[in-house]
2 protein chains.
Amino acid sequence: MTALADPTRRLVFERLRGGARPVGALAAGLPVSRPAVSQHLKVLKEAGLVREERDGTRRFYSIDPAGLGALRRWIDGFWDTALDAFAAEVAADAKQRGKR
Amino acid sequence: MTALADPTRRLVFERLRGGARPVGALAAGLPVSRPAVSQHLKVLKEAGLVREERDGTRRFYSIDPAGLGALRRWIDGFWDTALDAFAAEVAADAKQRGKR
DNA sequence: CGCTTCCGTAAGCCATAGCTAACGGTAAGC
DNA sequence: GCTTACCGTTAGCTATGGCTTACGGAAGCG
């Protein structure tokens, strides 16, 4: 969650949609330098959102379904309890209205 | 997404699970002062993740299903395309293996 | 072996963001 | 009206974090 905070880092992450990309390809077109992209990838990797795969001097980065899945479950859990709370409040409100 | 970056802010947000809470109740138990919580709530509100409801001098904050839903859809879209890309890579890899 | 490509890391600078302390404003109770 | 409770906003400090520049390592190529 913290890993996806920075806008530039989200840009890098979104460029990973569609499959694995080497660092150079990711940095090209982005408004920041290549080392900056490397640093972002490091953060994303430590967060479990991205995987690294080496091939010679090049390193391909791709989205890690495990990390993304964990994030999805976190949001979903939030979604469920939030809706429950919302329904409970509506019910309580209806009860209040019924009393007067 | 940026709004949920800060750990303290996530703590505030998680305290909103279970329904509406006044600012004082949220700040109690948190490691920061009450004004800090107010500032976090302001950010969450501007992000559309939280709603405000006034009752006298007190203001109740609760999770806004709309904002949370938008976040959920963003993640879900990511999840779908990421899996598609993953499947495509597996297929391409199988094709490679078949060639040799 | 040089040379080049592709990349990670370290140092340093600078803007941003979170925190506290202090203040002001509004509603309720007496 | 005075006091108290509850809360938002501001000013100012400090730390965090993102960016660039520079350097160094590892693998292909001649």
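Given the structure is predicted, the values throughout are model-derived calculations rather than measurements. Any value given below was found using the heavy atoms of this structure, including those in side chains, with hydrogens, waters and symmetry copies removed.
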Can you get from B:Phe13 to B:Leu11 by hopping between Ile, Leu, Val, Met, Phe, Trp and Tyr side chains that sit under 4.5 Å apart?
yes
A:Ser33 side-chain N/O to D:dT20 phosphate OP1/OP2 under 4.0 Å
yes
Whether A:Asp55 side chain and A:Arg58 backbone form a donor-acceptor pair below 3.5 Å
no
State, with a plain yes or no, whether a side-chain heavy atom of A:Met1 is found less than 4.5 Å away from one of A:Trp74.
yes
Do the side-chain N or O atoms of B:His40 get closer than 4.0 angstrom to the phosphate oxygens (OP1, OP2) of C:dA17?
no
Could you work out which one of D:dC19, D:dG8, C:dT20 sits closest to the side chain of B:Val32?
C:dT20
In whole angstrom, give the distance that lies between atom CG of A:Leu30 and atom C1' of D:dT20.
15 Å
Let me spell it out: for each of A:Arg58 and A:Gln39, pick the nucleotide of DNA chain C with the closest heavy atom. Which residue's pick is nearer the 5' end?
A:Arg58
Quick one: do A:Glu52 and A:Lys45 make a salt bridge, cutoff under 4.0 Å?
yes
In whole Å, I'd like the distance from the CZ atom of A:Arg54 to the C1' atom of D:dG28.
16 Å
In residues 7-21 of chain A, what residues come within less than 4.0 Å of DNA chain C, judged by heavy atoms?
none
Using whole Å, what does the distance between atom C1' of nucleotide C:dG8 and atom CG of A:Asp55 come to?
17 Å
Under 4.0 angstrom between A:Tyr61 side-chain N/O and C:dC6 OP1 or OP2
no
Check for me whether B:Arg51 meets the cation-pi criterion with B:Tyr61, that is, NZ or CZ under 6.0 Å from the six-membered ring centre and within 45 degrees of the ring axis.
no
May I have the distance from A:Asp6 (atom CG) to D:dT16 (atom C1'), rounded to whole angstrom?
13 Å
Select one nucleotide: of D:dC6, D:dA22, C:dA22, the one nearest the side-chain heavy atoms of B:Thr57.
D:dC6
A:Leu4 CG to D:dG18 P, straight-line distance once rounded to whole Å
12 Å
Under the side chain to side chain donor-acceptor pair (under 3.5 Å) rule, what do B:Thr2 and A:Arg10 come out as? Steps first, then yes or no, please.
CA-CA 10 Å; B:Thr2 309; A:Arg10 274 202 302 276; 3.2 Å; yes
Answer yes or no on whether B:Arg17 is positioned over the face of A:Phe78, meaning its NZ or CZ is under 6.0 Å from the six-membered ring centre and within 45° of the axis.
yes
Starting at CZ of B:Arg59 and ending at P of D:dT9, how long is that distance when rounded to a whole Å?
7 Å
What is the distance, to the nearest angstrom, from the NZ atom on A:Lys45 to the C1' atom on C:dC7?
13 Å
Please report the distance, rounded to the nearest Å, between CZ in A:Phe60 and P in D:dA27.
16 Å
Contact nearer the 5' end of DNA chain D, comparing A:Gly56 with B:Ser38
B:Ser38
Which part of the nucleic acid, if any, lies within reach of A:Pro22 when heavy atoms closer than 4.0 Å are counted: base, sugar-phosphate only, or nothing?
sugar-phosphate
Please tell me which of B:Arg34 and A:Pro31 maps to the more 5' nucleotide of DNA chain D, matching each residue to the nucleotide holding its nearest heavy atom.
B:Arg34
